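Take a look at the structure set out below.
Here is the naming used below: chain letters follow the sequence lines, and residue numbers restart at 1 for every chain. In this text, all values refer to a predicted model and were calculated from it rather than measured experimentally.
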Amino acid sequence: MSSADRTETSHRYTAALAADLEARWQERWAAEGTFEAPNPVGDLAGDGELPESTYYLMDMFPYPSGAGLHVGHPLGYIATDVVGRHQRMRGRNVLHTLGYDAFGLPAELHAIQTGEHPRANTLANIANMRRQLRRLGLGHDQRRSFATIDPEFVRWTQWIFLQIFESWYDEEAGRARPISELREKLGTDDPAVIDPYRLAYVSESPVNWCPALGTVLSNEEVTAEGRSERGNFPVFQRNLRQWQMRITAYADRLLDDLDRVDWPEPVKLMQRNWIGRSHGAEVDFDVPAVENASIRVFTTRPDTLFGATYMVLAPEHELVDAIVTDAWPDGTDPRWTAGAASPTEAVADYRHAAARKTDVERQENKDKTGVFTGAFAVNPVNGEQVPVFVADYVLVGYGTGAIMAVPAHDERDFEFATAFGLPTPRVVTGGSAGEEGELPWTGEGVATASSNDEVSLDGLPVAEAKARIIEWLEQKGRGTGTTTYRLRDWLFSRQRYWGEPFPIVFDEDGHPHAVPDHLLPVELPDVPDYSPRTFEPDDVTSEPEPPLGRAHDWLEVELDLGDGPRRYRRDTNTMPNWAGSSWYQLRYLDPHNAEVLVDPANEAYWMGPTEAKRTGGVDLYVGGVEHAVLHLLYARFWHKVLFDLGHVSSEEPFHRLFNQGYIQAYAYTDARGTYVPADEVVEHVGDDGATTYTYDGAPVAREYGKMGKSLKNVVTPDEMYDEYGADTFRVYEMSMGPLDQSRPWETRAVVGSQRFLQRVWRLVVDEESGKVRADDAELDRATLQVLHRTIDGVSADMDGLRFNTAIAKLIELTNHLTKGSVTSRAALEPLVLMLAPFAPHLAEELWSRLGHDTTVTYVPFPQPDPSHLVADTVTCVVQVQGKVRAKLDVAPDASDEVLTELALAEENVQRAIDGREVRKVIVRAPKLVNIVV
RNA sequence: GCCGGGUUGGCGGAAUGGUAGACGCGACGGUCUCAAAAACCGUUGUCCGCGAGGGCGUGCGGGUUCGAGUCCCGCACCCGGCACCA
């Protein structure tokens, strides 16, 4: 750029000018505390009157990655900032800030590689992320930001853990209660009796052990393929002593309260499926050969009991050893024996093989396998002896770990029965072919061949048959109606270093004790080596050895817990990544409170239940759909525990949830399959409309997906700041499309947003002189109408988070003003105000140049004047047979008759009617006339 | 396999059952300029036509309706979740 050019356009809204004014306004916001939201009480209470109307706005907790941000990351942050700024202009007290979910594996892996303490690396990453985000001009209350690794935050995470540890779930009351009340109720303080009731408990239970990572994983962290979500290593089922969270106690409330929150339906559905409540019955089948042995099964189809022809126990089922026999009964089908000499041997081999399999291997082979135990059980409804098998298609963790098999009415049982030559008697008629229909039949129908001396289900539809047989079973003491859940308790131990230590010590009997409150937080000791011991990925027999196990001085501790000083041993595990994010919504409210995790007055003010949100909670929570079950379920669970214990007044953490889409990007590979720099690829559109791409003259293939360094398609916010400024970047991201949709990034299109802001700038500021052009002229009618229609439309779009169409309307207004050279304040000021949520720096600057000396942040958002929303004339479309044949300019209040007359007078309409008889005229005054011939 | 979501110009996307393609990118033409860039103005679904105008057009096939991108039925493809859950 020559110097002559620079002087000519020295007051043009360029990237340099934007950078300059953005920096100035950011400094002023910080200096004036513009976005600091006052609390009712505590250190963040304000001086003035507390606004009545509040808006609590949250982004999902980011992990401070070392890689830095790309342009996709800020999408949600910009959107919430737009919402927050708009709500402030609507007079609400807006709480919006951002903290960091800073424990996690990447920092630990970095520490293992470099020897640098994960805290140092994490803090550096946070600082870098803060810097990148600061340039965006987000209206955050910085006083409320924190990181989960801050000792003050860890203290409260541990405190909440102890609250859960010191609680039990009272099924009758339907809520958690302090464990002290259980001791009173049961009249004992024997830990062997009390501890199994705790909501946080240690148990020897089957867990997902991942030798390659050296840690156990929660069910949620294991993929459908039975591998670790992180690293994709094999995962094995092992019985280990681990911390569990009794989330299953909350299954009903977690499920039912989904109806009371404002969440996207797909997310609710995912949670419903994950919790997986199903109603059915537990039924006891006696095993006569073994004294007092009875197999309890769970079934959702007790109405098919008469069709049960065999039973299956999961390989891990505890009754297997008790019932397995020494010799095959006479005439045992060879398919049932797996070629073994005896049931004992066959079962042992089968169980051994099953234990060696990962879940993926169990699932890969959908062919049914299993062996006969040699034992028979008695079907309680008809006294028939049915063989008992062990098979891995029955899972130990669901229901009772045992099933009655009804091959005629269950696909899996049918497959097994077919493979093992078992009978498949029909007990439900149904399907197109009724009595003769294909098996298995799992749909609706009517019970048949289902009666004994005391009860008959014959002729009853499924639901009634279920109720009848459950009634009979309960009467006979052979079973009961029950509900089961797919949801399991939450495995809460990780064999890692970089997480919250458990505030627990174990006595010599192995009983856990809470670390006294005044000793919190329990901080991580320094260790020589940050990694857990890892093993060969398929080493099934390996045992967890966490890094904290090597901190011997820290591990052994002498404490006085009430009965004199004693030696205790700390827990060598740490909490999983999800701990901090399960309650951080509460700490933003009162981040520095040293007495309580949040003052009740502050919690009630921001999150308490109201008419509009009965459950209470955050007003708007924005983040990716990938957290649909994990984080959102855990956070709801903890929040409900805290609610039960009286620490919070809200029943749900997040009242309204919004899933943003992602910004994706194209990547290009050359002939060798190597990624080439995406920003150097040239696009060609052929004569046939086909698009091709070349790099360095050679054709390349395009793929669509994430942005990533290895894909050579990363575009960073810093590049956008340099080339266009933060406001242009913000406007572009918000105008790309609806917030909940994913879309491809296109750097080349960003200029459109810059041109828009330049036009707005030019309306207010003379590019040559830098003088303000605004005058006090009155607006002409047309402009008034465009202006107020825009205000009206933008307001509606803002409420619906339709920022792309809101911006489109602002562009239309701007183009109207530009075309008519309108420079009246009466139009410019509302435009600047409406633009303020999207381009806050530019808006502040123009607002200030228009002669105002306060920030635009709290200036009321423009209101439409209804008298200007009515147009002088509207376009009336005239259709013949539903096809548009003419358009009329008519008064908005034109009558049906007038419209019909005008329509029929149109030459083109007459031509379309072509002399045919007009049978009917449909008029939707004043917009439409449709003539039917 | 089951459950969700989607499919509209060259591209991103707009459209309470009532003018399909707002707004933006790109492309083309113009103004300004010695020239170029920037900016500004105009054109831009497609086919036929000098034009007036007309035909076709929202993944595919049916249906409801005066009228369907929108509602209903069936199908294809893409994305996401779950997946032997009794």
Practice item. Specify the residue among A:Y666 and A:Y398 whose closest nucleotide of RNA chain B lies further upstream toward the 5′ end. Key: A:Y666
Check your understanding: Do any side-chain nitrogens or oxygens of A:K883 fall under 4.0 Å of OP1 or OP2 in B:rA20?
Key -> no
Exercise for review: Using the C1' atoms only, state how far B:rC77 lies from B:rG45, rounded to an integer number of Å.
Suggested key: 23 Å
Practice item. Could you tell me whether A:A808 contacts a base, only the sugar-phosphate backbone, or nothing, with contacts defined as non-hydrogen atoms closer than 4.0 Å? Key: base
Review point. Within the modelled atom types, does a donor on one side and an acceptor on the other bring the side chain of A:R743 and the base of B:rG12 under 3.5 Å apart?
Key: no
Check your understanding: Any donor-acceptor pair under 3.5 Å joining the side chain of A:K819 to the base of B:rC41?
Key -> no
**Study point:** Separation of the P atoms in B:rA14 and B:rG59, to the nearest angstrom
**Key:** 15 Å
**Study point:** B:rG42 - base-pair partner by Watson-Crick or wobble geometry, distances under 3.5 Å
**Key:** B:rC28
Check your understanding: Hey, does the side chain of A:S742 come within less than 4.0 Å of B:rC79's phosphate (OP1/OP2), counting only N and O?
Key -> no
Check your understanding: OP1 or OP2 of B:rG12 sitting under 4.0 Å from any side-chain N/O of A:N804?
Key -> no
Revision key, fill the gap. Judged by whether its glycosidic angle lies within 90° of 0, B:rG9 is syn
Review point. What is the distance from CG of A:D797 to P of B:rA14, rounded to the nearest Å?
Key: 11 Å
Exercise for review: Would you tell me if any nitrogen or oxygen in the side chain of A:Q881 comes within less than 4.0 Å of OP1 or OP2 on B:rG67?
Suggested key: no
Point to revise | Nucleotide of B:rA86, B:rG81, B:rC25 approaching A:F298 most closely (side-chain heavy atoms) | key: B:rA86
Check your understanding: Is the closest side-chain donor-acceptor distance between A:S735 and A:N804 under 3.5 Å?
Key -> no
Check your understanding: Quick one: does NZ or CZ of A:K368 land under 6.0 Å from the six-membered ring centre of A:F416, within 45 degrees of the ring axis?
Key -> no
Exercise for review: Determine whether the side chains of A:D392 and A:Y350 contain a donor N or O and an acceptor N or O closer than 3.5 Å.
Suggested key: yes
Review point. Just to confirm, is there a sub-4.0 Å distance from OP1 or OP2 of B:rG54 to any side-chain nitrogen or oxygen of A:R885?
Key: yes
Check your understanding: Will you find, in the side chains of A:T442 and A:H409, an N or O donor that is under 3.5 Å from an N or O acceptor?
Key -> no
